[in-house]
Each structure stands twice: as C-alpha cells, then as structure tokens.
Amino acid sequence: MSIARLVRSGPRQVSRISSTALRPVPKTTPKYPSSQNTFRKTHTLLSEPPVILSRQYASAATAIRPPEPIPIPIEDEIISRPVQGAGVILPVLQDIQNLLENEIGGDDLWSKRIRSSIADLSAERRGRIAVIGDSLAAPRDVVSALLQDPLADTEASRRALLSRHEGSNIDVFQIGHGPNPHREPESLSLSASWLQATGYDVVEVNTMKAEETISTLLSTDSLVVVLDPIRLNDIPQLSSVLPLALSRGSVHFVINGYLPPNATQTALEAKLLEQLSNLKVDPLEGLTLNPASIPISFVKAEKALNALDALAAGLQDHGPSTSTSKTRAFEVFQKQFLESHIGPLQSSLLQSLKPVSEPQLSTSRQVAGLALSHIERIISTDRDIVKDALHTVSELHRGAQQGASKAKHLSVASRGIEGGLVEGSVEYDMNKVKNQLEERFNGRLSWLGLIGRTRVDDVQFELTNHLNNHFATDLEKQIIFESGQLSHLQIQLNQLSDHTIRQLSHSQSHSTSTTHPFTSPLLLNHLSTLSLSIPPLTPTSLTSPISTRREQLLTQSIPRLHSSAQRALLMTYATSLVGVSLSWMSYVPPISITSAPTAVGLGILSVVASLALGQRLWGKAQKKFWRDWTRITGMMKGDLETRFDTALRTQVLAKPLVAAEGLEKLIQKREKRLDELQDKVNGLGKRI
C-alpha cells in the first residue's frame, strides 16, 4: 500500500463515525492557578463527560490522516457546581482541621493540606494525575510522548507541548485539556486526545522539597513515578515521598530509558519490587500494599519523541520527493514508536483511571485518612515520650531512694547488731565511755576515796569534765562527716531534679513554639520556693541529739549524783559521831555501863557501821545514775536515727521527691489527654 493511499484512508475512517457520537465537550481553562506548592482554585465541568471517539491511538494505527483536528462543538459557558457527596466528607475534614489546629498544637503543614482539600470540594473539576521523577529519569519526555497523538494534534498544540518548559524551571506545571493551546506561567491548556479520553489533567512535579512535593501530590488523584532503569527508586528525592504515596494506592511506576547491558525487564522489575518491599509503608485502612500488584511499565520516551518528530517532519515535507520521504518517515515512526511502548502505557493508565468515578471524593478521603494517620503517629510519639518520661521520673525516684538508702546504711545511727557491739556504733561509743566512768567510780570516786579525801564536790567536777571531753566525741566526729556526705548528696539530687525537669520540659521531639506537655509553671515555681525554704545541711545539723543528751546528763543526772554523795557523806559523819558519842557516854560516869575496851569497840563498830551505811547509799546513787545513763544514751540513739531520717526526708529528698510527684501527675494528665485524642481519632476514622 502506498503512502498516498494510507493518507487518503484517514478521512474515510473519520467519515464512518456517526454524527450522533459527537457530544458537546466542555470548554475548560487551566484548573491550577499560579502556585508552586498547591492548587487553590478549580474550574468545573459541564453536566456529563464527553463520549470518547472510537478510534485507535497512533501506537496501533495502520494509516495516517492529515493533521487537521476533528471539529467538535464547544460550549461557551462553564457552569460551576458543587461536588456531589461532598457533604458527607466535609464535616469530617473540618473536624480533623480543628483537631490539628487546637488539639495537636498547631500543625500548620497538615492544616494547610486539609484546608486545600476542603477548598477542592467546593466545585467539581477534572481529575489530576501527577508525574514525578528526577531529571535523569526524564519525566518531562514521558509526558511529552504520552500526550502526543499524531492523528489528532495540530502543529501549534504539538509545539506548545514540547516547548512548555523552555526558559523556565517551574516546580509544578499543569497540563489541562482545552480547545486551543493556551499558555500561562505555570500551566498549559491544549487539545490532547489522551487528556480528553481519561478526563484527567497532568501535573508535572519537579520540586526538591519533600514536604512541598507531598502537599502537591495530595492535591492530585493519581501518581505516575518515572524511574531510570539503573537506580530505579534509589533516589533521595523519592525516599521520603514514596512511602506516603504508596499508602494512598493509585501509583503507576514507569521505567524510562534503555536497559543496562545484560539486564532484563524481569530482573529490573524484581529489583524494583525488592526496593519497594524495603520501604516502611502504612497503608490506609481498607487498603493492602502488595508490591507485586503495583503496575510497572517500561518505556523509551526518547524513541517515541524521535518517532513523532520524524513523522511530523515527513508530513510537513512538500518537496519533489514527498511520497518517498513520507514513506520513510512513517516507517521510522512505526518502528520506533512501537519500540518505545508509549502506546501500552497510554492504555494502561487509561484503564487504571477509568474505575475512579469520583476522584475528588476519593482524594479527600485519602487526605483525611493520611491526616488521621499523622495524628496517630503524633499520639504514638507522645506515648513514647510519656514512657520515657515515666522512666526518667522512675530513675529520679530510684536515684533518690538509692542515695538515701546508702547514706542510711552507712549512718552511725543505724550501725549495730542486737546482742553485740559493732565498732563505730552508738552502743560501742557509749559502752567505752561507761567503762571509763566505772573506772573512776572504782578509783577516785569510790566511797572510801571520797571519805579519805573529804572531796565530795569533786564528783560533779570530775564527771562534768570527763563527759565534756569524752562523751560521744568519736561519734560526733563521724556524724559531722556524715553531714558532709548528706550535703553532697543533697546537692547532687537537687541538680538531678533540675536536670530532669529541663530534660522533660525541652524534649527534642517538640517544637519550641509549642508548650511542652510536661512544662508546669506551678511546679517550677513550687520547686524554686522549696529550694529557698530548705536549709542547707551544716556540720552540726545532725549532732543536736548528742548535745541534748550530754546536756541532760550534765544538768540532771550528775547534779543528782552529787547531791546523793553529799547526803551519804553527811549520813556517814553523823552516824559515826553519834555512835562514838554514845560509846563514850556509856563509859564515863555517871552512866559507866561499859568498860573502856567495850566503849572503844562500840565506837569503832559505830564508825564501821556508818561507813557501810554511806557505802550503801553511794551505791544506790550510782545505780540511779546508771539507770539514767542507760535511758539517756538509749534515747540518744533513737534521736540520732530520727534526726537522720528527718534530714533525709525534709532536706535531702524533699526536692527530688516533690519533683517526681509533680511530674508523675503531669504524666498521668498527659496520658488521659492522649486517650481522649485517640478516642476522637477513632471516631473520625469510622466516619470516613
């Protein structure tokens, strides 16, 4: 068949199309206003979608027709109407927006995405399919080859499509369907059969900022990811975008370019599926992510563009050898276009987009579900923070208790065993002083020593000096050393409390612009006031029981013992004097009832009896003193234990325990708040 016959067969095929198949097609303008991140305004379609002309694409065509487009009537007015069914999802989106702005702490990024989704439901629009990929994958070439149709395109529309990015580097560029080519700074409107057949506009995304890229993709209804056959999805630009895109579903991977040597499509597809399986994706509720079910297409956009260029050049050639050049151009086009596999990609995308009857509602539900997933991740992160905070508070509490237990275990007041003596204990030190006093009572302060020296007043003087110099002196030195240890422990625990408060109040996972859940001005003020009210531990903070009990012995027990010694001495002297006097009187006239030896014996007996009586009285006085000694020293041990425990509780452990208790209350309050948020999220999830 000659090329002339092939060219003439085109009009004949068009003439067979029934006139009833031509339906009015809405006149559209670019739906995306000038913006690099999101689309804020949308235009609407007319009442019904157009009927698609029943013809084949160039990839499967057997004949070429002239480039004149088929005349299709266009309506002049565009009627804007709301999205049907939007009344169900709009309240959910508004509640999610309130949750993000008022409950989460002002999440501006997702709030903007929800607001954009609410604005998108204000009027019906065409579907949007995003195309993303880096420059090495040449996604722009894929779009250029995808939207061209040599059987329908005019030279003006083809030139507008191919030159859309000349002299500009636009992050987000929209290609919409329209009757004539119309170029705006960030959009292009043209008559493309693939755009007309699918009812979708193409959005080219070429931004390097992940969050802006995600926001743009969330305003579209489907996604085409263009990859090169060498790196596939191992691209920094896509590493943070793909997990969220895959969680939505409706993703088509296109591998563009020549395959590496010794590589097959099966091997590259397996490699891509392995890379996708390594991504951490949380699909929306009701969706299951199976990498094997994700559509993957292999194309060579460069070959398709070369084929289309050759065909366009051949059709425009009107020289002497027109027939030969057109024949050669068609052969080049047919061979290279078929090898590019652009035609199967067009059909595959058309089949995947057709089942989505309400893309705006579907996209809004997806955005709402992703926003709820984002909130749940925040709740989960906050629960982890609460767990860490509980652990930190437990560490603070445990550190304080361990320090106190260690100090108490090493304390002098807690030393000793029942039924025995431990060196350094209170009992040991008191027993040593008691032995020293007993030596004095058996020596200088014995009854005969007092009688012989007639120095009863030495009792109080000597005992007072001995107790002042030896009563619990070693014990007092140890307690002073313990006071220093407790003071050091107090400083350490106060610093640990302040560090814990700062650590929990300035977590790295929270923005500095929001109030941290564990920041409590009342708690901080209470701790500051408590720090000022707690007196520091001094060397004499724990020695007051020793001073008190020593003073009690010096002011009560020793004076009482001294008085008893004086009474015993007077009684001895008086008894001896009376006995000697009576013995003498019984001997001298006029009584003379005894002889001289008898009188002397009676006098000596009375002296011995008086000495024995004095010894007995002095022994009773000493017994009373030792009873006082046992009682007072025993009470001193209890006082030391009580004073030590009081110092630990009110001075050393006061601040850390109050800090731990206050933080535990804040943590409980936060846990209750997170439970309430989770209930709200669960309720919103059921309404989507």
Side-chain angles (χ1 to χ4, degrees), residues 26-45 78 80 109 112-113 115-135 137-148 153-154 156-192 194-196 198-226 237-238 241 245 301 305 349 359-360 363 367:
K27 179 180 179 181
T28 60
T29 57
K31 281 68 173 180
Y32 300 80
S34 298
S35 172
Q36 296 182 353
N37 302 321
T38 58
F39 307 104
R40 299 181 181 176
K41 297 181 180 179
T42 57
H43 294 275
T44 58
L45 299 175
I78 299 176
S80 176
L109 183 61
K112 291 179 181 178
R113 292 170 181 173
R115 285 197 297 268
S116 176
S117 182
I118 293 175
D120 184 54
L121 293 176
S122 61
E124 286 188 350
R125 58 162 174 80
R126 291 170 55 86
R128 298 167 180 163
I129 180 170
V131 179
I132 188 172
D134 68 346
S135 57
R140 295 178 179 179
D141 292 348
V142 174
V143 173
S144 299
L146 181 69
L147 298 185
Q148 290 189 63
D153 292 346
T154 64
S157 63
R158 182 174 180 273
R159 187 167 53 252
L161 178 64
L162 295 177
S163 62
R164 65 190 184 277
H165 290 293
E166 289 183 0
S168 63
N169 186 19
I170 302 173
D171 289 338
V172 180
F173 192 87
Q174 178 236 347
I175 304 175
H177 182 72
N180 298 309
H182 178 72
R183 180 69 162 82
E184 290 188 0
E186 296 180 351
S187 63
L188 172 65
S189 176
L190 53 82
S191 178
W194 189 87
L195 297 177
Q196 180 182 0
T198 59
Y200 276 70
D201 294 341
V202 175
V203 181
E204 295 178 295
V205 183
N206 186 33
T207 180
M208 299 300 294
K209 296 181 179 179
E211 296 300 336
E212 293 182 3
T213 302
I214 292 174
S215 297
T216 303
L217 297 182
L218 290 179
S219 65
T220 61
D221 308 311
S222 186
L223 175 63
V224 173
V225 182
V226 183
Q237 181 183 359
L238 298 178
V241 175
L305 294 178
L349 290 177
Q360 286 178 266
T363 298
V367 173

Asks: If you look at every heavy atom in P139 and G133, which pair is closest and at what distance?
Replies: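 Minimum heavy-atom contact is CG-O, 3.4 Å.
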Asks: Any chance you could lay out the side chain to side chain contact (heavy atoms under 4.5 Å, CB included) test for Q148 and L162, step after step, and finish with the verdict?
Replies: CA-CA 9 Å; Q148 290 189 63; L162 295 177; 3.5 Å; yes
Asks: D134: what forms a side-chain hydrogen bond (donor to acceptor under 3.5 Å, both in side chains) with it, not counting sequence neighbours?
Replies: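 Listed in chain order: R231.
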Asks: Roughly how far apart are S215 OG and L109 CG, rounded to 0.5 Å?
Replies: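 One gets 4.5 Å once the value is rounded to the nearest 0.5 Å.
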Asks: With side chain to side chain contact (heavy atoms under 4.5 Å, CB included) as the test, would you mind laying out the steps for I170 and R164 before giving the verdict?
Replies: CA-CA 10 Å; I170 302 173; R164 65 190 184 277; over 6 Å; no
Asks: Any carboxylate oxygen within less than 4.0 angstrom of a Lys/Arg side-chain nitrogen, looking at R158 and D153?
Replies: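 Salt bridge between R158 and D153, a charged N being under 4.0 Å from a carboxylate O: no.
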Asks: Can you name the closest pair of heavy atoms from P185 and F173 and give their distance?
Replies: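 That closest heavy-atom pairing would be O-CE1, 4.2 Å.
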Asks: For residues P179 and S191, report the shortest heavy-atom separation together with the two atoms involved.
Replies: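 Nearest heavy atoms, P179 then S191: O-CB, 3.7 Å.
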Asks: Which value, rounded to the nearest 0.5 Å, describes the distance between I214 atom CD1 and S219 atom OG?
Replies: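 Reported value, rounded in 0.5 Å steps: 12.0 Å.
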Asks: Mark yes or no for whether S122, through its side chain, and A119, through its backbone, hold a donor-acceptor pair below 3.5 Å.
Replies: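 Looks like yes, one N/O pair under 3.5 Å.
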Asks: Could you grab the distance from atom CZ of R140 to atom CG of N206, nearest 0.5 Å is fine?
Replies: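 Interatomic distance, R140 CZ to N206 CG, rounded to 0.5 Å: 5.0 Å.
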Asks: Check L147 against W194 and note the closest heavy-atom contact, atom names and distance.
Replies: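 Scanning both residues completely, I find the closest heavy atoms to be CD2-CE3, 3.7 Å.
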Asks: Compare every heavy atom of L188 with every heavy atom of L190, then report the nearest pair and how far apart it is.
Replies: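 It is CD2-CD2, 3.4 Å.
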Asks: When you look at L349 and L146, which way does the side chain to side chain contact (heavy atoms under 4.5 Å, CB included) test go after all the steps?
Replies: CA-CA 10 Å; L349 290 177; L146 181 69; 4.0 Å; yes
Asks: Measuring from atom OG1 of T154 to atom CG of N180, what distance do you get when rounded to the nearest 0.5 angstrom?
Replies: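 Atom-to-atom, T154:OG1 and N180:CG are 8.0 Å apart.
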Asks: Does some side-chain heavy atom of T220 sit less than 4.5 Å from a side-chain heavy atom of Q174?
Replies: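 Result no, sub-4.5 Å side-chain heavy-atom pair not found.
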Asks: Sequence neighbours excluded, which residues qualify as side chain to side chain contact (heavy atoms under 4.5 Å, CB included) partners of A210?
Replies: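 Partners of A210 by the side chain to side chain contact (heavy atoms under 4.5 Å, CB included) criterion, ordered by chain and then number, come out as S240.
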Asks: Would you call E211-R113 a salt bridge at under 4.0 Å N-O?
Replies: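 Salt bridge present between E211 and R113.
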Asks: Measure from the side-chain N and O atoms of Q360 to the backbone N and O of D120, and report whether any donor-acceptor pair falls under 3.5 Å.
Replies: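 Answer holds: yes.
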Asks: S163 and R183: side-chain donor and acceptor closer than 3.5 Å?
Replies: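 No, R183 and S163 have no side-chain donor paired with an acceptor closer than 3.5 Å.
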Asks: Report the distance from atom CD1 of I129 to atom OG1 of T198, rounding to the nearest 0.5 Å.
Replies: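 The OG1 atom of T198 is 7.5 Å from CD1 of I129, to the nearest 0.5 Å.
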Asks: To the nearest 0.5 Å, how far apart are CG in L238 and OG1 in T213?
Replies: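 Reported value, rounded in 0.5 Å steps: 9.0 Å.
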Asks: L195 and D201: which non-hydrogen atoms are nearest, and at how many Å?
Replies: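 Residues L195 and D201, closest heavy atoms: CD2-CA, 4.2 Å.
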